[in-house]
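Following: one structure in structure tokens, then a few remarks.
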Amino acid sequence: TSTSASSSSSSSTNSTTSTSTSASSSSSSSTNSTTSTSTSNPNPISQDNFDEESLLGEEEEEDPREHVNVVFIGHVDAGKSTIAGNILFLTGMVDKRTVEKYEREAKEKNRSTWFLSYIMDTNEEERAKGKTVEVGRSYFSTSRKRYTILDAPGHKNYVPNMIGGASQADVGILVISAKGGEFESGFDRGGQTREHAMLVKTLGIKQLVVVINKMDEPSVEWSKQRYDEILDKLGNYLRKECMFAPKDLAFLPISGYSGYNLVEKIPESICPWFEGKSLLQTLDELESTSRCDSGFVRIPITDRYKDMGSVNILGKIESGTISRDQILTVMPNKVQVRVSAVFADDKKVKRAKSGENIRVVVQGIEETDISTGFVICEPNSLIPIVTEFEAQLIILELLPTTPLFTAGYEAVLHIHNCIRECSVLQLLKEIDRKTKKPFRKPPTFVKNGAIVFTRLRISIPACIETFSAFAQLGRFTLRDKGKTVAIGKVTTIC
């Protein structure tokens with residue numbers, strides 16, 4: 001059975017765990033972050049106040065296989081959770097008895113085709129509605145690589161959660177429904193296919209695998225004509241608008257429900273015209289992601305909880321390496337902590353390198369003093385605490401009610417796992433898209449499509465780096481009333 005983040009350190013008879021983290025919690029926790037920035041430490045680092053029982057188990061040797069974080073994105077009801085769940089089943093991470101149990105539960109709710117999604121969608125709200133709300137997390141491996149699955153929600157109401165999940169990923173899997181009308185509703189204006197694709201590119205994902213799902217639908221029946229129609233429209237958008245390089249895009253037809261072309265290549269008898277590889281074969285052959293194991297430690301926090309007296313922190317190591325007994329600092333409240341144990345793929349390990357999605361057990365801090373969007377650093381290299389910064393922005397599509405971007409404009413800033421309200425203080429210069437040089441005078445306003453340098457102020461101090469120093473902690477999006485209006489990168493910290 002899948003376990004939620006609140007019990008992920010408990011022992012489980014099932015071979016898979018799927019923890020859920022919610023980027024949306026950062027918006028609620030951000031209101032407390034002013035009080036959380038206190039430098040007082042009511043729980044000093046000490047062996048006396050530490051519960052050893054919570055860390056039973058031997059540390060495993062380091063796995064030499066490359067680790068890759070993949071995020072499933074796409075329009076609502078495209079089949080993301082079903083694909084993720086079926087991969088876990090087909091790779092042996094979920095036993096047959098558990099799947100049969102989910103199948104019975106789904107039939108009782110008159111949702112018989114949803115049972116595979118139950119592997120990833122663990123709470124009752126998600127199962128009742130058939131919609132992913134939080135970012136599900138689980139693990140599987142092949143002979144060549146280890147994978148962390150991040151199953152992001154597709155509904156427009158949960159885009160902040162999707163951003164939080166995608167910010168932890170190395171590779172994106174864009175799920176498209178081939179069923180009549182479903183691709184069109186996702187790709188047309190207002191659909192999440194466009195926004196998700198643009199967001200993952202903004203968040204630093206360079207490689208995108210596009211899976212055309214539901215090819216076994218009666219309205220499709222593995223039609224090459226339908227497949228090519230989708231590729232033509234979507235491929236142009238991904239290359240021209242999202243700026244994905246052709247070599248970083250892969251397209252393949254699948255059926256997430258039946259499992260065709262997920263693990264093994266689809267038989268010719270089913271789809272004679274496809275000559276490519278399966279989804280897992282494609283992932284295994286993707287170019288390796290560059291890592292920064294020797295850099296200073298940077299771990300944006302995605303979630304935290306207390307279990308058996310120990311504080312557990314979840315996050316992805318963006319830079320550096322951590323190990324047991326290491327002393328680190330939680331920013332922005334500048335509290336030093338000692339690492340008591342490190343877990344990767346829910347296995348206790350001696351150390352974890354850059355790129356790993358980890359759970360780390362720490363001493364020296366209370367759960368209430370940690371918020372989503374805080375960052376773990378080394379004491380000798382602390383991340384800047386920022387309230388004002390300068391940035392380069394690309395204005396995507398402003399709301400019809402506010403068609404001009406000018407000083408005083410207010411939006412919601414999403415940067416790594418942190419969400420903050422922000423306002424525009426000043427437009428510094430606009431770039432001429434033809435000459436790539438700035439205009440002589442600073443603009444008073446800009447419109448859709450403009451490239452502009454601006455100064456921003458955020459409502460509550462946050463941990464931010466310049467893009468040139470740490471790209472993953474210096475790229476961001478601006479959203480207004482539930483819509484992404486601009487993407488940008490931090491150029492200067494004020």
Side-chain angles (χ1 to χ4, degrees), residues 1-5 8 14-22 67-95 98-99 102-103 106 111 113-123 126-127 129-142 145-155 158 161-162 164-166 168-177 192 196 200 205 208-215 252-264 278-284 286 345-346 357:
T1 56
S2 301
T3 58
S4 67
S8 61
N14 193 357
S15 58
T16 182
T17 57
S18 174
T19 60
S20 293
T21 60
S22 173
H67 177 258
V68 182
N69 302 286
V70 296
V71 62
F72 284 86
I73 60 169
H75 193 63
V76 64
D77 293 335
K80 299 180 292 297
S81 297
T82 294
I83 295 169
N86 210 354
I87 287 173
L88 294 175
F89 175 53
L90 294 172
T91 55
M93 298 304 292
V94 184
D95 58 62
T98 301
V99 173
Y102 290 154
E103 195 168 5
R111 299 288 188 267
T113 59
W114 292 3
F115 71 98
L116 288 167
S117 68
Y118 284 14
I119 297 170
M120 295 301 298
D121 294 339
T122 58
N123 68 50
E126 292 177 319
R127 292 181 177 182
K129 294 181 178 179
K131 290 180 174 61
T132 302
V133 176
E134 299 180 339
V135 178
R137 178 188 289 141
S138 198
Y139 316 95
F140 75 95
S141 59
T142 66
K145 295 180 181 180
R146 294 181 298 115
Y147 295 93
T148 295
I149 288 180
L150 299 160
D151 179 26
H155 196 280
Y158 308 119
N161 297 11
M162 174 266 166
Q168 305 167 53
D170 305 307
V171 175
I173 300 178
L174 177 59
V175 181
I176 303 295
S177 172
Q192 293 309 297
H196 281 205
V200 295
I205 293 176
L208 189 69
V209 179
V210 182
V211 292
I212 314 302
N213 190 29
K214 303 186 184 181
M215 289 293 292
L252 54 148
I254 66 164
S255 169
Y257 183 75
S258 65
Y260 283 128
N261 221 29
L262 292 185
V263 178
E264 301 294 336
S278 72
L279 175 57
L280 264 57
Q281 290 167 343
T282 301
L283 290 174
D284 273 350
L286 289 179
D345 298 353
D346 273 355
N357 255 296

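Values in this document were obtained by computation on a predicted structure and should not be read as measured data. The chain is numbered in sequence order, starting from 1.
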Tyr147 vs Phe140 aromatic rings, parallel, tilted or perpendicular, using cut-offs 30° and 60°?
parallel

In Arg137, His67, Gln168, the residue satisfying side-chain hydrogen bond (donor to acceptor under 3.5 Å, both in side chains) with Thr148 is His67

Can you tell if the side chain of Leu279 reaches within under 4.5 Å of the side chain of Val211, non-hydrogen atoms only?
yes

Interatomic distance, Tyr102 atom OH to Phe115 atom CZ [nearest 0.5 angstrom]
12.0 Å

Please examine the side chains of Ile149 and Phe72, heavy atoms only from C-beta on, and report whether any two atoms are closer than 4.5 Å.
yes

Check whether any side-chain heavy atom of Val209 lies under 4.5 Å from a side-chain heavy atom of Leu286, and answer yes or no.
yes

Find out whether Met215 and Ser255 are in side-chain contact, i.e. whether some heavy atom of one side chain is under 4.5 Å from a heavy atom of the other.
no

Under a 4.5 Å cut-off applied to non-hydrogen side-chain atoms, are Val71 and Ile173 in contact?
no

Quick one: are Ile119 and Met93 in side-chain contact, heavy atoms under 4.5 Å?
no

Any donor-acceptor pair under 3.5 Å from Asn213 side chain to Gly256 backbone
yes

Do you know the tightest heavy-atom contact between Ile205 and Gly172?
CG2-N, 3.5 Å

Interatomic spacing from CG in Asp284 to NZ in Lys145 - rounded to 0.5 Å
6.0 Å

Rounded distance (nearest 0.5 Å) linking atom OG of Ser258 with atom NZ of Lys214:
12.5 Å

To the nearest 0.5 Å, what is the distance between CG (Leu262) and CD (Gln281)?
11.0 Å

List for me each residue that meets side chain to side chain donor-acceptor pair (under 3.5 Å) alongside Thr113, sequence neighbours excluded, and say none if there are none.
none

Provide the full list of side chain to side chain donor-acceptor pair (under 3.5 Å) pairs with a residue in residues 68-79, sequence neighbours left out, each pair given once.
Asn69-Asp170, Asn69-Asn357

Could you note down all residue pairs passing side chain to side chain donor-acceptor pair (under 3.5 Å) where residues 82-94 supplies at least one of them, sequence neighbours left out?
none

Less than 3.5 Å apart, any donor N or O on the side chain of Asn261 or Ser278 sitting next to an acceptor on the other?
no

Would you confirm whether Asn161, through its side chain, and Pro153, through its main-chain N or O, come within 3.5 Å as a donor-acceptor pair?
no

For Tyr260, look at atom OH and say whether over 12 heavy atoms of other residues, nucleotides or ligands are found less than 6.0 Å away.
no

With a 4.5 Å cut-off on side-chain heavy atoms, are Asp345 and Arg146 touching?
yes

Any heavy-atom pair between the side chains of Val99 and Asp95 that's under 4.5 Å?
no

Under 3.5 Å: donor-acceptor pair, side chain of Lys80, backbone of Gly74:
yes

In Å and rounded to the nearest 0.5 Å, what is the CG to CD1 distance from Leu88 to Ile83?
12.0 Å

Could you give the distance from CD1 (Ile73) to CG (Leu174), rounded to the nearest 0.5 Å?
5.0 Å

Side chain to side chain contact (heavy atoms under 4.5 Å, CB included) evaluation trace for Met162 with His196:
CA-CA 8 Å; Met162 174 266 166; His196 281 205; 3.8 Å; yes

